[in-house]
Protein chains: 2
Amino acid sequence: MKTARNTTAKTAVLEIFGKSKIALSHTEIYKQIEDVCDRVTVYRILDRLVNDDIVHKIVDLDGTVKYAKCHHHAQRVHIHNHAHFSCEKCLEITCLENVKPSYIMPHNYKVNNINFTLSGLCPNCLNSNI
Amino acid sequence: MKTARNTTAKTAVLEIFGKSKIALSHTEIYKQIEDVCDRVTVYRILDRLVNDDIVHKIVDLDGTVKYAKCHHHAQRVHIHNHAHFSCEKCLEITCLENVKPSYIMPHNYKVNNINFTLSGLCPNCLNSNI
DNA sequence: AACTAATTGCAACATTGTTGCGATATTATT
DNA sequence: AATAATATCGCAACAATGTTGCAATTAGTT
């Protein structure tokens, strides 16, 4: 089995996630640590973090890919089926950990995963719009 | 105002959509008509079709962008807030026109649009899996 | 300190999408 | 049917994002 290592680059990425309340793109992360490591390294670190369930990957309505830290509740198995909100104005993506959609599927489909993304105006931009 | 024209390329693209029950990517469409027109032309036609509400754009869980013909019900204004199903095996995306999620949002968010994509096994692949 | 394997940097490549501009083709007009 | 106006196209060039191979480096272990 593989034993993950704590490298400078990985620590730097995790620190960024720790500080951010919103989801970040590869580019946004890389910009903050371009003197620490290579562009490719950031891609690889993100891949590993997603694989290790430390970070989850979110695809925006536009197709923009972002990443956010997972919030593990207790020791339970972590499921990513919560909703995400994508603000049309500031372009920030926020996890709505408590919003879970209910829906009725046709027969004969086996649902393994869901992606529920809402877009519009976040509380911040809604206020500044008045 | 602009008056849309019926060009050979546009007709070819529309014909492909007519025949397909699933959502198609730019690449999939272009492969079928690469002797008819340029790659860029396909991009532009898709853009226009989306703008004219003839086709809608779907972003997969992976970030794959696909397009599918809109089904207009009566003369009503067309809304794209239906669900999409993305099969993990055959990678096909199907519109679930009748699946609409219900959910409760926190206050202070203004929701303009939603994207609800489910992934798993489609009826076809579910059967062939037994 | 030496060893092993995870991780990195670099260079090169692939895919997807965009833009500018002169040429072409469609539609409406005469 | 010929003409005019302009929507659309082809091409070339570029940009952004992501991937891969491989040799060099480095973290964690013995």
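Chain A is the first sequence line, chain B the second, and so forth, proteins listed ahead of strands; every chain is numbered from 1. These numbers were taken from a predicted model, which means no experiment stands behind them.
Residue A:Asp47 has its side chain nearest to D:dT19 when only D:dC9, D:dT19, D:dT20 are considered. Side chain of A:Tyr43, nearest nucleotide from D:dG18, C:dT8, C:dG17: D:dG18. Here the side chain of B:Thr41 is nearest to one of C:dT19, C:dC10, D:dG10, namely D:dG10.
The base of D:dG18 is not paired with the side chain of A:Arg44 by any donor and acceptor separated by under 3.5 Å.
Comparing A:Thr8 and A:Arg39 by the nucleotide of DNA chain C that holds the closest heavy atom to each, the one mapping nearer the 5' end is A:Thr8.
Residues forming a side-chain contact (heavy atoms from CB on, under 4.5 Å) with B:Arg5 (at least two apart in sequence, or on another chain): B:Thr7. A search for side-chain contact (heavy atoms from CB on, under 4.5 Å) contacts involving A:Asn108 returns B:Pro123, not counting sequence neighbours. In this view, B:Val59 and A:Val59, B:Val65 satisfy the side-chain contact (heavy atoms from CB on, under 4.5 Å) rule, not counting sequence neighbours. Partners of B:Thr117 by side chain to side chain donor-acceptor pair (under 3.5 Å), not counting sequence neighbours, listed by chain and number: B:Asn115. For A:Tyr109, the ring pair (Phe, Tyr, Trp, His ring centres under 6.0 Å) partners two or more places apart in sequence, or in a different chain, are B:Phe85. In this structure A:Lys110 satisfies the side chain to side chain donor-acceptor pair (under 3.5 Å) test together with A:Asn112, sequence neighbours excluded. Under the rule for a salt bridge (Lys or Arg N to Asp or Glu O under 4.0 Å), the partners of B:Glu28 that lie at least two apart in sequence or sit in another chain are B:Lys66.
Contacts with DNA chain C (heavy atom under 4.0 Å) in residues 11-19 of chain A: none are found. Proximity of residues 22-38 of chain B to DNA chain D (heavy atom under 4.0 angstrom from any strand atom) is restricted to B:Val36, B:Cys37, B:Asp38.
Rounded to whole Å, atom C1' of D:dC9 lies 9 Å from atom CZ of B:Arg48. Rounded to an integer number of Å, the gap from CG of A:Asp60 to P of D:dT17 is 13 Å. Remark: P of D:dA7 and NZ of B:Lys10 are 13 Å apart, rounded to the nearest angstrom. Summarising the geometry, the separation between CG on A:Leu46 and C1' on D:dT17 is reported as 13 Å, rounded to the nearest angstrom.
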**Stepwise side chain to side chain contact (heavy atoms under 4.5 Å, CB included) check, A:Leu118 with B:Tyr103** = CA-CA 11 Å; A:Leu118 304 107; B:Tyr103 54 94; 3.4 Å; yes
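In this structure, A:Phe116 and B:Phe116 have perpendicular ring planes: the angle between them is above 60°, well past the 30° mark.
Through ILVMFWY side-chain contacts below 4.5 Å, B:Ile104 is grouped with nothing and stands alone. By the 4.5 Å side-chain criterion applied to Ile, Leu, Val, Met, Phe, Trp and Tyr, A:Ile93 is assigned to a cluster that also includes A:Ile58.
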Listing time: all N or O pairs from protein to nucleotides 28-30 of chain D that are below 3.5 Å?
residue: D:dG28; atom: OP1; partner: A:Asn6; partner atom: N; Å: 3.3

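B:Val40 comes within 4.0 angstrom of a base, heavy atoms only.
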